[in-house]
Number of protein chains: 2
Amino acid sequence: MNKSELKVLGVLERVGGFASAQEVYQLLQRGNQSIGLTTVYRALQSLLDDKVVDTLRRDDGEAIYRLCGENHHHHLVCKSCGTTIEIQANAIEKWAQQMASDHGFREVGHTAEIFGICKKC
Amino acid sequence: MNKSELKVLGVLERVGGFASAQEVYQLLQRGNQSIGLTTVYRALQSLLDDKVVDTLRRDDGEAIYRLCGENHHHHLVCKSCGTTIEIQANAIEKWAQQMASDHGFREVGHTAEIFGICKKC
DNA sequence: TCAGAAATGAAAATGATTTTCATTTTCACC
DNA sequence: GGTGAAAATGAAAATCATTTTCATTTCTGA
């Protein structure tokens with residue numbers, strides 16, 4: 001675990017959720033922790049290999065990362081105004097585990113998002 | 001639904017599973033159905049809008065598409081080999097409805113996906 | 001201190017996807 | 001059949017995340 005990886009980890013901690021490589025890079029630039037974009041990618045790859053972070057893809061295909069083992073939540077998003085509400089969902093966690101083990105999957109993760117039009121809109 | 005979209009649909013039918021835009025393009029070139037890559041992308045986008053096809057991302061970020069049945073389902077995806085299993089989930093449907101109505105949302109939709117490493121990998 | 005290894009980052013390369021724009025096709029109407 | 005506006009097409013250029021290259025800098029351990 002070298003210096004760059006620690007900086008990237010620091011950002012992911014502060015963010016407390018998902019961030020893309022580009023976002024991590026931007027955030028480091030804003031602070032006085034600037035490291036090169038290439039190094040950000042390398043650090044993320046290395047953290048992935050060490051299973052310290054977790055990765056997903058946004059709808060647009062951009063990869064996003066977060067610290068493993070953070071308790072995660074889901075989102076309820078308004079399609080119109082963008083308001084986002086965090087929701088906990090034990091039901092979902094259990095469902096994902098159950099489905100995965102039914103089919104012999106391991107190292108399981110999941111995503112779930114609800115979207116609609118909120119009261120105000 | 002125009003001619004290009006029909007050709008793309010034809011390929012997806014023959015493939016009987018997921019294919020990327022680039023793959024659809026290649027397959028059309030091999031047959032005597034050649035259409036431009038741009039048109040393939042446009043046709044896929046249009047089919048997506050019409051909810052005739054379904055999309056996912058490969059690990060490398062490439063988008064893959066397939067015909068979707070009319071019944072709504074979720075996916076269990078192997079991060080390693082890409083194997084995809086369709087799963088039904090009444091629990092999720094109910095959860096989404098419940099959460100949304102709790103917060104006064106309407107016109108509700110949702111996404112949910114489970115990913116992990118399958119038995120074979 | 002010194003040499004070799006590892007880390008770094010700027011710039012170029014890659015590859016999927018999107019945009020641009022000039023051309024072609026379709027289609028309703030005369 | 002002929003006409004023209006609207007839609008479809010595709011080649012080429014642009015975009016953008018990510019990876020590779022490679023010359024330079026920093027570590028590390030003897």
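Since we're looking at a predicted model, the values are computed, not measured. Because only heavy atoms are used, hydrogens play no part in the values below, and waters and symmetry mates are left out as well, while side chains stay in.
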Exercise for the section: State, without any angle test, whether A:Q45 and A:Y41 hold a side-chain donor-acceptor pair at a distance under 3.5 Å. Expected result: no
Whole Å only: how far is the [atom1] atom of [X] from the [atom2] atom of [N]?
X: B:L48; N: C:dT18; atom1: CG; atom2: P; result: 10 Å
X: B:Q45; N: C:dT18; atom1: CD; atom2: C1'; result: 10 Å
X: B:Y41; N: C:dT18; atom1: OH; atom2: C1'; result: 9 Å
X: B:L6; N: C:dT26; atom1: CG; atom2: C1'; result: 15 Å
X: B:Q22; N: C:dG15; atom1: CD; atom2: P; result: 10 Å
X: A:M1; N: C:dA7; atom1: CE; atom2: P; result: 13 Å
X: B:D59; N: C:dA16; atom1: CG; atom2: C1'; result: 16 Å

Exercise for the section: Please determine which of A:E23, A:Q22, A:Q29 meets the side chain to side chain donor-acceptor pair (under 3.5 Å) test together with A:Y25. Expected result: A:Q29
Exercise for the section: Determine the contact category for B:E62: base if any of its heavy atoms lies under 4.0 Å from a base atom, sugar-phosphate if only primed atoms, P, OP1 or OP2 are that close, otherwise nothing. Expected result: sugar-phosphate
Exercise for the section: Name the nucleic acid region contacted by B:S20, choosing base, sugar-phosphate or nothing; use a 4.0 angstrom heavy-atom cut-off, strictly under. Expected result: nothing
Check whether any side-chain N or O of [X] sits under 3.5 Å from a backbone N or O of [Y] as a donor-acceptor pair, and report yes or no.
X: B:S20; Y: B:I64; answer: no
X: B:N2; Y: B:S4; answer: yes
X: B:R57; Y: A:D59; answer: yes

Exercise for the section: May I ask whether B:I117 and B:V77 are part of the same hydrophobic cluster, defined by side-chain heavy atoms of I, L, V, M, F, W, Y residues being less than 4.5 angstrom apart, directly or through others? Expected result: no
Handout entry: Nearest-nucleotide comparison on DNA chain C, the residue closer to the 5′ end among B:K3 and B:R42
Key = B:R42
Handout entry: Segment of DNA chain D, first to last nucleotide, that comes within the 4.0 Å heavy-atom reach of chain A
Key = D:dA17 to D:dC27
